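Heavy atoms only: backbone and side chains are in, while hydrogens, waters and symmetry mates are out. What you are looking at is a predicted structure, and each value in this text was computed from that prediction instead of being measured.
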Amino acid sequence: MFPREYRGVAFVVGLFLVVQLGALALVPEFAESGYQAVENPDNPTNSVVYILAIIAMTGLMLAAFRYDLDQGIRLLIVGVSAWLSWYVFSALVSPLAAAVPAAAVGVALLVYPEWYVIDAAGVLMGAGAAGLFGISFGLLPALLLLGFLAVYDAISVYGTEHMLSLAEGVMDLNIPVVLVIPLSVSYSLLDAEPDDGESGAGDAVADGDDLGGDSASDDAGDTGDDAGDADSDVTEPTDIEDRDAFFIGLGDAVIPTVLVASAATFSPAAALSVPFIGLNLPALLAMVGSLGGLLVLMSWVIKGRPHAGLPLLNGGAIGGYLIGSVVAGVPLVEAAGIAGFL
């Protein structure tokens, strides 16, 4: 029989593909609707502003948990999820009609945050966020964003470990900062006991804010979170036989997809004939590279050790994008978005 861990990996890959393809499908609609968040998407300071926002949000969340304001964080994330879902639904129906399913997403997260509700909200949230950032970040800002967050991820997991403190705060909130990957048919996130067992492998801190997250594997008794259990030993592997779920941060799906969407929007490479989505070779190979990084990450997670995910995911996306650009005949200086500064 196909090992359940590999079924879980296949499910993760499927969720990432839905986020990526969803973002690519939304990009033309978002651009046509004027949802671009900045006047000049090629301005590299766009990345700096977002990076500063990430650091500020991390500090605010840590402070909120310190002073027992957990439910405020939960309401904030649920509100962001409903807001981003509205952007997604507004690409399909009128803005007023889109408010109904968007509100339903928020209510479902508050009333019944089971794993499939969280995953559905996370996919909507991820595709919407990646699409919005993709049309707002030109090639250079997108590359700078992915590069910085890959380094930040590694430092926050292997160095300061402050994301583990953040994870301890969000562990019991059941909010869509993670994608939950059940490994058994009977698994229920709501029935899991937060204090039974230790969380397992796979940190993948994406960005430290409400979209950030860690890949992790948890025991059946853990609720899971976006950065693994803060009490677990980062160096100790867990027993894969005891796991009933994997957890991977939503930001791990979103951040590489920003480059995919940006490449589809701003790269001068010729478009590929793909129904329903705008796609070119650099964007396609960025997708392939990020999924390759995901498979390597999940192979480590299965072995029971925590790892920063974005160095692999972002590195794969950047490498795939640059290779795709060269193959498509785009000069590297143009692919990197620096031709206008030379």
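Taking the six-membered ring for Trp and thresholds of 30 and 60 degrees, Tyr87 and Tyr35 have ring planes more than 60 degrees apart, a perpendicular arrangement.
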So Ile248 and Leu297, side chain to side chain contact (heavy atoms under 4.5 Å, CB included) or not? Walk me through it. CA-CA 10 Å; Ile248 188 161; Leu297 175 64; 4.2 Å; yes
Side chain to side chain contact (heavy atoms under 4.5 Å, CB included) between Ser47 and Phe137, worked out: CA-CA 8 Å; Ser47 299; Phe137 281 32; 4.1 Å; yes
Step by step, would you call Gln36 with Phe30 a side chain to side chain contact (heavy atoms under 4.5 Å, CB included)? CA-CA 7 Å; Gln36 189 178 77; Phe30 284 175; over 6 Å; no
Please test Glu114 against Val180 for side chain to side chain contact (heavy atoms under 4.5 Å, CB included), starting from the C-alpha separation and ending with a verdict. CA-CA 9 Å; Glu114 187 53 273; Val180 185; over 6 Å; no
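Put simply, the side chain of Leu294 does not reach to within 4.5 Å of the side chain of Leu312, judged on heavy atoms. For the pair Val9 and Leu295, the minimum side-chain heavy-atom distance is below 4.5 Å. Counting heavy atoms from C-beta on, the side chains of Ser81 and Leu124 never come closer than 4.5 Å. In this structure, Phe11 and Pro182 have side chains that are in contact, with non-hydrogen atoms separated by less than 4.5 Å. Between Val49 and Val38 the shortest side-chain heavy-atom distance does not fall below 4.5 Å. With contacts defined as side-chain heavy-atom distances shorter than 4.5 Å, the pair Ile181/Leu15 qualifies. Residues Phe16 and Asp252 form a side-chain contact, since some pair of their non-hydrogen atoms from C-beta on lies under 4.5 Å apart. Between Val105 and Met125, every side-chain heavy-atom pair lies at or beyond the 4.5 Å cut-off.
To the nearest 0.5 angstrom, Trp83 atom CH2 is 11.0 Å from Leu76 atom CG. Rounding to the nearest 0.5 Å gives a distance of 4.5 Å between OG of Ser188 and CG of Leu190. Atoms CD1 and CG, on Ile277 and Leu24 in that order, are 5.0 Å from each other to the nearest 0.5 Å. In this structure, CD1 on Ile255 lies 6.0 Å from CD1 on Ile54, to the nearest 0.5 angstrom. Taking CG of Leu69 as the start and CG of Leu75 as the end, the distance is 11.0 Å to the nearest 0.5 Å. A distance of 10.0 Å separates CG of Asn314 from CG of Leu143, quoted to the nearest 0.5 Å.
Between the Tyr321 side chain and the Ala335 main chain, a donor and an acceptor come within less than 3.5 Å of each other. Side chain of Ser262 to main chain of Val258: no donor-acceptor pair is present (N/O by atom type, distance under 3.5 Å, no hydrogens or angles). Asn43 places no side-chain N or O within donor-acceptor distance of the main-chain N or O of Asn40, the cut-off being under 3.5 Å. Between the side chain of Ser85 and the main chain of Ala102, no donor-acceptor pair closer than 3.5 Å is present. Ser94 places a side-chain N or O within 3.5 Å of a backbone atom of Ala97 that can act as its donor or acceptor partner. Not one N or O on the side chain of Ser325 forms a donor-acceptor pair closer than 3.5 Å with the backbone of Pro282. At distances below 3.5 Å, at least one donor-acceptor pair connects side-chain atoms of Asp153 with backbone N or O atoms of Gly309. Without hydrogens or angle criteria, Asn280 side chain to Leu272 main chain gives no donor-acceptor distance under 3.5 Å. Of the possible donor and acceptor atoms, one in the side chain of Ser299 sits under 3.5 Å from a partner among the backbone N and O of Val296.
Side-chain contact annotation: Glu334 with Ser267, donor-acceptor N/O pair under 3.5 Å absent.
What you find for Pro44 and Leu144 is that their closest heavy atoms are CB-CD1, 3.8 Å. Of all heavy-atom pairs between Met287 and Leu21, the closest is CE-CD2, 3.9 Å. The shortest heavy-atom contact between Trp86 and Pro95 is NE1-O, 2.8 Å. Of all heavy-atom pairs spanning Asp119 and Val178, the tightest one is OD1-O, 4.4 Å. For the residue pair Ile135 and Pro41, the shortest heavy atom distance occurs at O-CB, 4.2 Å. Heavy-atom minimum distance, Gly131 versus Ala23: N-CB, 3.9 Å.
Val48 and Met57 sit in two unconnected hydrophobic clusters of ILVMFWY residues. Membership requires side-chain heavy atoms under 4.5 Å apart, directly or through other members. Under the 4.5 Å side-chain contact rule for hydrophobic residues, Leu146 and Phe148 share a cluster. Residues Val107 and Val100 fall into different hydrophobic clusters, defined by Ile, Leu, Val, Met, Phe, Trp and Tyr side chains chained together at heavy-atom separations under 4.5 Å. Linking ILVMFWY residues whenever their side-chain heavy atoms come closer than 4.5 Å, directly or via other members, places Val27 and Val274 in the same cluster. Hydrophobic clustering (side-chain heavy atoms under 4.5 Å, transitive across Ile, Leu, Val, Met, Phe, Trp, Tyr) keeps Ile175 apart from Leu60.
Enclosure of atom CG in Leu52 by more than 12 non-hydrogen atoms of other residues, nucleotides or ligands within 6.0 angstrom is indicated.
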